[in-house]
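In what follows, chains are A, B, ... by sequence order, proteins preceding strands, each numbered from 1.
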2 protein chains.
Amino acid sequence: MPAERPTIADVAQRAGVSKGLVSFALNGRPGVSAQTRDRILEAARELGWQPSLRARALSVNRAFALGLVITRDPEIVTGDPFYPSFIAGVERELAPAGQALVLSVVPDEDAELAAYRKLVAGRRVDGVFITDLRHDDARIELARELNVPAVTLGHPETPSPFPAVSMDDRAGIEAAVDHLVGLGHRRIAHVAGPARMLHGSRRRRAFEEAMTRAGLRAGMVVETDFRAADGVRATRDLLARPDYPTAIVYANDPMAIAGLGVAQRAGLRVPDELSITGFDGSDVGEHIFPALSTVVSDAVSWGSVAARVLLRSIAGEQPGDTDLPPARFVPRESTTRSPEPTPRADV
Amino acid sequence: MPAERPTIADVAQRAGVSKGLVSFALNGRPGVSAQTRDRILEAARELGWQPSLRARALSVNRAFALGLVITRDPEIVTGDPFYPSFIAGVERELAPAGQALVLSVVPDEDAELAAYRKLVAGRRVDGVFITDLRHDDARIELARELNVPAVTLGHPETPSPFPAVSMDDRAGIEAAVDHLVGLGHRRIAHVAGPARMLHGSRRRRAFEEAMTRAGLRAGMVVETDFRAADGVRATRDLLARPDYPTAIVYANDPMAIAGLGVAQRAGLRVPDELSITGFDGSDVGEHIFPALSTVVSDAVSWGSVAARVLLRSIAGEQPGDTDLPPARFVPRESTTRSPEPTPRADV
DNA sequence: AGAGCGGTCTAAACCGGTTTAGAGTCAGAG
DNA sequence: CTCTGACTCTAAACCGGTTTAGACCGCTCT
């Protein structure tokens with residue numbers, strides 16, 4: 001049985017001073033003579049003393065932890081490259097700051113609100129990330145009501161007291177559409193994310209606007225839940241249409257990869273007979289054949305910036321909104337010239 | 001400015017009793033009259049009181065949280081389906097138990113040990129998961145030294161005081177090899193994980209043994225770091241050999257998918273000219289073309305069982321080792337008969 | 001010499017729960 | 001009628017830190 005962990009009282013006793021002075025010395029606060037400080041630090045070192053976060057948390061009323069709630073059915077969480085990268089970015093910021101990340105994975109939106117409540121009510125975290133914003137997102141109101149600092153990924157629609165860290169994804173969609181239009185495509189479809197999610201509907205609108213600007217009708221849009229299986233269904237439906245598309249812009253990579261599979265299985269040559277673009281730049285999309293043209297967003301730095309902003313909020317600053325460099329379209333192999341001749345402009 | 005959160009003292013005052021009795025009533029302990037208990041519960045409800053986990057943590061000397069440290073360079077963490085599913089499984093167990101998951105993502109093994117130390121020294125967690133076991137894994141000794149309950153995913157080589165929750169992955173590899181041999185393949189290669197990782201070398205050994213049992217030489221084995229980019233390189237090397245393989249068994253899905261891309265890019269028809277199997281059953285592998293034959297392991301239940309075992313360890317029980325149902329091989333479209341005729345047995 | 005002051009340090013309160021020792025009340029047994 | 005024991009409850013200690021009020025010291029200034 002190893003010895004009990006030393007407490008600050010043990011250090012005080014060994015150094016021959018009071019508890020309070022030990023606390024002062026270890027936190028580098030003034031009012032401790034250099035000589036005594038050294039003696040205290042020495043004693044702490046000898047005992048291998050480490051402050052108990054629990055005691056600190058209680059007395060300074062901080063949890064030294066941030067909360068992240070991920071709402072995804074288990075099916076989609078697999079394969080989606082966003083969260084792992086985002087979390088890696090968050091960690092990069094938290095670890096040096098002595099903070100920890102408390103993660104909650106829940107299946108649906110009711111459980112999501114309950115999870116936020118639980119994290120905050122138990123005082124487990126000092127602040128929360130709000131990701132995957134939805135229309136009229138109840139979490140904003142909840143966080144305000146719980147009086148907890150928060151940061152939103154993207155600008156919510158409803159007025160929000162919390163700083164937002166955003167990455168423009170419209171530019172990427174527009175670039176993808178422009179790229180396809182430049183290759184002569186006219187019948188371009190979009191496999192969109194769920195309309196209730198802000199980035200789902202925003203990407204869809206960006207698609208529609210880009211099409212309109214190019215003088216094309218944005219008639220072929222299928223709404224999905226971002227799952228690979230949805231990509232399969234949507235692609236099948238689109239390809240079965242009499243006015244089947246020559247190019248499909250997918251709202252994420254897993255659906256694009258699944259769509260590619262559907263097209264290939266149907267005997268279509270990609271990209272010669274069908275061009276495909278993804279979104280979010282998964283590692284695997286880079287290595288499949290043909291390599292996926294996609295819109296890459298830097299989820300890692302999104303994570304670290306969001307974490308930094310949240311920490312500043314907690315520290316009492318009022319950080320403003322941050323706009324990250326926009327996601328950018330990276331053409332690879334899955335897009336090429338339209339199989340059908342571009343009608344001449346004067347026709 | 002919302003009102004300060006009520007404490008147990010507020011509840012006590014409102015109910016006209018002492019703090020201690022409130023604590024007893026709320027924890028359902030005997031020694032409180034039914035009438036008083038109701039009055040206390042009513043007061044707590046009226047005030048919307050929620051116990052502070054911080055205070056509880058300090059007084060009962062528990063963190064009510066479990067630690068998971070993930071060591072992966074950001075490149076591989078993306079695309080790997082294991083951790084998201086595993087975490088979902090863990091959550092399923094923790095949430096009802098009022099526990100939280102503290103997640104740490106670190107880039108390398110030094111940072112990994114430091115992360116465990118930090119979680120435990122700060123008393124942030126009551127127990128830790130040890131995943132991705134390696135040979136002579138320093139974390140076992142560290143956890144013992146830190147005197148923290150732990151659970152290992154798989155049986156470590158070195159004697160370990162901690163319960164292990166294992167899933168046999170050899171059977172899956174063997175089934176894959178047998179499947180390929182049955183299809184007439186003789187030149188079967190293996191793209192292995194890193195030898196320093198237990199599951200990397202164990203899958204490799206299972207491959208070699210299955211080959212030997214089938215009377216074949218297991219000469220073509222390439223060691224990798226589990227990254228998709230490694231799968232690309234390994235596949236190129238294998239296909240460039242004069243005695244190129246007719247089938248490749250990959251140690252994980254991302255490498256298999258990348259390898260498929262390499263083969264297709266080289267003009268090989270998969271599976272007609274090259275059969276491919278993966279490992280771990282990613283969602284995306286199911287939807288690509290050809291759909292990936294792979295070994296699926298139930299990472300979700302792995303997570304919940306491991307969490308349950310760890311919670312029991314923390315509660316002072318001595319749970320034994322658990323063996324989950326073995327990962328099983330699921331043939332899909334990426335494997336078929338060998339393109340070369342099977343030599344007759346008597347030749 | 002005494003007041004004033006900065007520097008150093010101690011004692012004790014505090015954070016919000018849990019837990020223990022013991023006080024008070026009441027019923028039933030002797 | 002008193003003793004015993006069960007039941008209910010209070011007061012206070014405790015977890016391990018932080019923070020505040022104030023004591024004590026030696027010094028300078030008038």
Side-chain angles (χ1 to χ4, degrees), chain A residues 3-41 43-44 47-65 98 118 120-126 315, chain B residues 3-41 43-44 47-65 98 118 120-126 315:
Chain A
E4 289 298 311
R5 276 191 41 164
T7 75
I8 202 171
D10 299 323
V11 177
Q13 190 181 8
R14 182 173 190 106
V17 297
S18 69
K19 274 172 50 172
L21 202 63
V22 174
S23 175
F24 275 36
L26 290 156
N27 294 323
R29 298 176 41 156
V32 187
S33 74
Q35 188 190 355
T36 312
R37 181 195 336 277
D38 290 347
R39 194 153 37 88
I40 291 172
L41 294 180
L47 291 171
W49 176 82
Q50 300 273 113
S52 155
L53 224 50
R54 294 184 197 149
R56 239 158 89 70
L58 181 60
S59 56
V60 304
N61 203 27
R62 292 258 284 109
F64 304 106
K118 214 159 126 183
V120 177
R123 299 274 205 259
R124 230 188 236 289
V125 299
D126 298 318
Chain B
E4 289 298 311
R5 274 192 41 165
T7 74
I8 202 171
D10 298 324
V11 177
Q13 190 182 9
R14 182 172 190 108
V17 296
S18 68
K19 273 172 51 171
L21 202 62
V22 174
S23 176
F24 274 37
L26 289 156
N27 293 322
R29 296 176 42 154
V32 187
S33 74
Q35 188 189 357
T36 313
R37 181 196 336 278
D38 290 348
R39 192 151 41 88
I40 291 172
L41 294 180
L47 291 172
W49 175 82
Q50 300 274 114
S52 157
L53 225 47
R54 292 183 198 150
R56 239 157 89 70
L58 181 60
S59 54
V60 303
N61 202 28
R62 293 257 285 110
F64 304 106
K118 215 158 125 181
V120 177
R123 300 273 206 259
R124 228 187 237 291
V125 298
D126 299 320

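The distance from the OG1 atom of A:Thr7 to the CG atom of A:Leu47 is 9.5 Å, given to the nearest 0.5 Å. For the atom pair CZ of A:Arg54 and CZ of B:Arg124, the computed distance is 11.0 Å after rounding to the nearest 0.5 Å. B:Asn61 contributes atom CG, which lies 8.0 Å from atom OG of A:Ser52 (distance to the nearest 0.5 angstrom). Once rounded to the nearest 0.5 Å, the distance linking OG1 of A:Thr36 with CG of A:Leu41 reads 10.5 Å. Between B:Leu26 atom CG and B:Leu21 atom CG the span is 9.5 Å, to the nearest 0.5 Å.
One can place CZ of B:Phe64 at 8 Å from P of C:dT18, the figure rounded to the nearest angstrom. Rounded to whole Å, the distance from CZ on A:Arg39 to P on C:dC9 is 7 Å. The separation between A:Arg37 atom CZ and C:dG7 atom P is 13 Å, rounded to whole Å. B:Leu26 places its CG atom 10 Å from the P atom of C:dG17, with the value rounded to the nearest Å. Going from atom CG of B:Leu58 over to atom C1' of D:dT18 covers 12 Å, rounded to whole Å. Look at CG on A:Asn61: it is 16 Å from C1' on D:dG16, rounded to the nearest Å. Taking atom CG of B:Asp38 as the reference point, atom P of D:dT8 lies 13 Å away to the nearest angstrom. Put simply, CZ on B:Arg56 is 16 Å from C1' on C:dC15, counting in whole angstrom units.
Residue B:Trp49 places at least one side-chain N or O under 4.0 Å from the OP1 or OP2 atom of C:dG17.
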### Task
List the steps and the verdict of side-chain contact (heavy atoms from CB on, under 4.5 Å) for B:Asp10 and B:Arg5.
CA-CA 10 Å; B:Asp10 298 324; B:Arg5 274 192 41 165; over 6 Å; no
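In this structure, A:Arg123 contributes its side chain and A:Ala57 its backbone to no donor-acceptor pair below 3.5 Å. In this structure, the side chain of B:Arg39 does not engage the main chain of B:Gly16 through any donor-acceptor pair within 3.5 Å.
Applying a 4.0 Å cut-off to non-hydrogen atoms, the residues of residues 28-36 of chain B that approach DNA chain D are B:Gly31, B:Val32, B:Ser33, B:Thr36, listed by residue number. Less than 4.0 Å separates DNA chain C from at least one heavy atom of each of the following residues of residues 14-25 of chain A: A:Gly16, A:Val17, A:Ser18, A:Leu21.
Counting only heavy atoms from C-beta on, A:Ser52 has its side chain closest to D:dG16 among C:dG16, D:dG16, C:dT18.
Considering only heavy atoms from C-beta on, A:Val22 stays 4.5 Å or farther from A:Trp49 through its side chain.
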